[in-house]
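Heads up: numbering here begins at 1 and tracks the sequence.
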Amino acid sequence: MTMPTQTVIPQLRMTDAVRSLQFYVDGLGFTVDWEHRFEPGYPLFAQLSRDSGAGRQLIFLTQHRGDCEVGGAVYFVVPDARATLAAFEARGIWPTNPLEATPWGSWEFLLTDPDGNRLRFASDQVSDAVEHRGQGGVQ
């Protein structure tokens, strides 16, 4: 499986900005790059980013009802899904679906954000096996 470089920015709907930003920043290690409101009290639109170890990953979170619906999905490619999951669990974020090997050659797990958006994190089985060889991981 060839891991692509991100060239688009997915946009996810949030209904409670405080709750969503806490999940993404405190739980998943994203940084808020910028926030925009047309006026105080108006819906929030924000760009968040995180360093995946293989590059910068960006997402937009929006409270604007016309931008998108809740229940979206994003597929994040990371160098090591096992280590990414361990880091999330250390921050109190638990997977909706556990880490598993896929028939298409990746390790993947699924998280669900507070609004029901699905966040799948994946890494290549081959590169992941090499990284964990001799470390009590995949043999």
Side-chain angles (χ1 to χ4, degrees):
M1 179 170 144
T2 302
M3 299 297 173
T5 300
Q6 182 172 332
T7 59
V8 299
I9 303 175
Q11 182 169 291
L12 298 170
R13 175 88 157 77
M14 62 177 165
T15 58
D16 180 327
V18 172
R19 179 184 66 184
S20 293
L21 291 175
Q22 181 179 14
F23 175 83
Y24 282 94
V25 173
D26 298 339
L28 303 186
F30 279 86
T31 300
V32 178
D33 298 327
W34 51 262
E35 297 181 352
H36 176 266
R37 293 179 195 267
F38 286 103
E39 291 183 25
Y42 275 47
L44 177 68
F45 189 95
Q47 177 180 293
L48 282 69
S49 64
R50 69 184 293 274
D51 180 5
S52 71
R56 189 168 176 229
Q57 296 178 323
L58 302 174
I59 59 171
F60 289 150
L61 295 179
T62 181
Q63 283 185 295
H64 294 272
R65 290 187 180 143
D67 286 347
C68 56
E69 297 294 324
V70 295
V74 179
Y75 191 90
F76 293 96
V77 176
V78 296
D80 184 343
R82 182 180 287 110
T84 301
L85 177 57
F88 293 165
E89 289 177 338
R91 294 182 184 118
I93 303 296
W94 302 98
T96 305
N97 292 352
L99 183 71
E100 60 186 7
T102 67
W104 47 90
S106 66
W107 286 103
E108 298 185 9
F109 66 92
L110 178 70
L111 300 178
T112 304
D113 81 1
D115 287 299
N117 296 304
R118 297 171 312 280
L119 312 172
R120 187 169 301 278
F121 292 82
S123 63
D124 187 8
Q125 285 181 16
V126 175
S127 63
D128 186 54
V130 171
E131 289 178 25
H132 290 281
R133 188 169 286 130
Q135 299 175 19
V138 177
Q139 299 294 322

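- Cluster membership check: Y42 does not share its hydrophobic cluster with V32, using side-chain heavy-atom separations under 4.5 Å among Ile, Leu, Val, Met, Phe, Trp and Tyr.
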Show which side-chain atoms of residues 110-120 pair as donor or acceptor with protein atoms under 3.5 Å away, not counting sequence neighbours.
unit_1 : atom_1 : unit_2 : atom_2 : d
T112   : OG1    : T96    : OG1    : 2.8
D113   : OD1    : D115   : N      : 2.8
D113   : OD1    : G116   : N      : 3.1
D113   : OD1    : N117   : N      : 2.9
D113   : OD1    : N117   : ND2    : 3.4
D113   : OD2    : Y24    : OH     : 2.6
D113   : OD2    : N117   : ND2    : 2.9
D115   : OD1    : T15    : N      : 3.3
D115   : OD1    : T15    : OG1    : 2.5
D115   : OD1    : R19    : NH2    : 2.9
D115   : OD2    : T15    : N      : 3.2
D115   : OD2    : S20    : OG     : 3.2
N117   : OD1    : G71    : N      : 3.1
N117   : OD1    : G72    : N      : 2.7
N117   : ND2    : R13    : O      : 2.9
R118   : NH1    : G71    : O      : 2.9

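- Residues F60 and C68 are not in side-chain contact: their nearest non-hydrogen atoms beyond the backbone lie 4.5 Å or more apart.
- The minimum heavy-atom distance linking H64 with P43 is given by the pair NE2-O, 3.6 Å.
- Residues A17 and Q63 approach most closely at N-NE2, 3.5 Å, considering heavy atoms.
- Residues E100 and F109 are not in side-chain contact: their nearest non-hydrogen atoms beyond the backbone lie 4.5 Å or more apart.
- Nearest heavy atom pair, residue V78 against residue S123, reads O-CB, 3.0 Å.
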Review point. Between F121 and L99, does a side chain to side chain contact (heavy atoms under 4.5 Å, CB included) hold up when you go through it step by step?
Key: CA-CA 9 Å; F121 292 82; L99 183 71; over 6 Å; no
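- Of the inter-residue distances, the one linking T84 atom OG1 with L28 atom CG reads 10.5 Å to the nearest 0.5 angstrom.
- In this structure, Q125 and A101 approach most closely via the heavy-atom pair NE2-CB, 3.3 Å.
- Contact between G29 and R91 at its shortest, heavy atoms only, is N-NH1, 3.9 Å.
- How far CG of D26 is from CG of L21: 9.5 Å, rounded to the nearest 0.5 Å.
- For the atom pair L48 CG and W34 CH2, the distance stands at 9.5 Å (nearest 0.5 Å).
- Hydrophobic clustering places L12 together with V25 (ILVMFWY residues linked when any side-chain heavy atoms are closer than 4.5 Å, directly or through intermediates).
- In this structure, the side chain of Q57 does not engage the main chain of R50 through any donor-acceptor pair within 3.5 Å.
- Follow the hydrophobic side-chain contacts under 4.5 Å out from F45 and you never reach V70; the two are in separate clusters.
- Heavy atoms only, all atoms of each residue included: A83 and D80 are closest at N-OD1, 3.0 Å.
- Counting heavy-atom neighbours within 6.0 Å of E89 CD, excluding the residue itself, gives a total above 12.
- Counting heavy atoms from C-beta outward, L44 and M14 have side chains that approach closer than 4.5 Å.
- Summarising the local packing, CZ of R37 is surrounded by more than 12 heavy atoms from other residues, nucleotides or ligands at distances under 6.0 Å.
- The distance from atom CH2 of W104 to atom CG of D124, rounded to the nearest 0.5 Å, is 13.5 Å.
- A search for side chain to side chain donor-acceptor pair (under 3.5 Å) contacts involving D33 returns Q47, S49, R56, not counting sequence neighbours.
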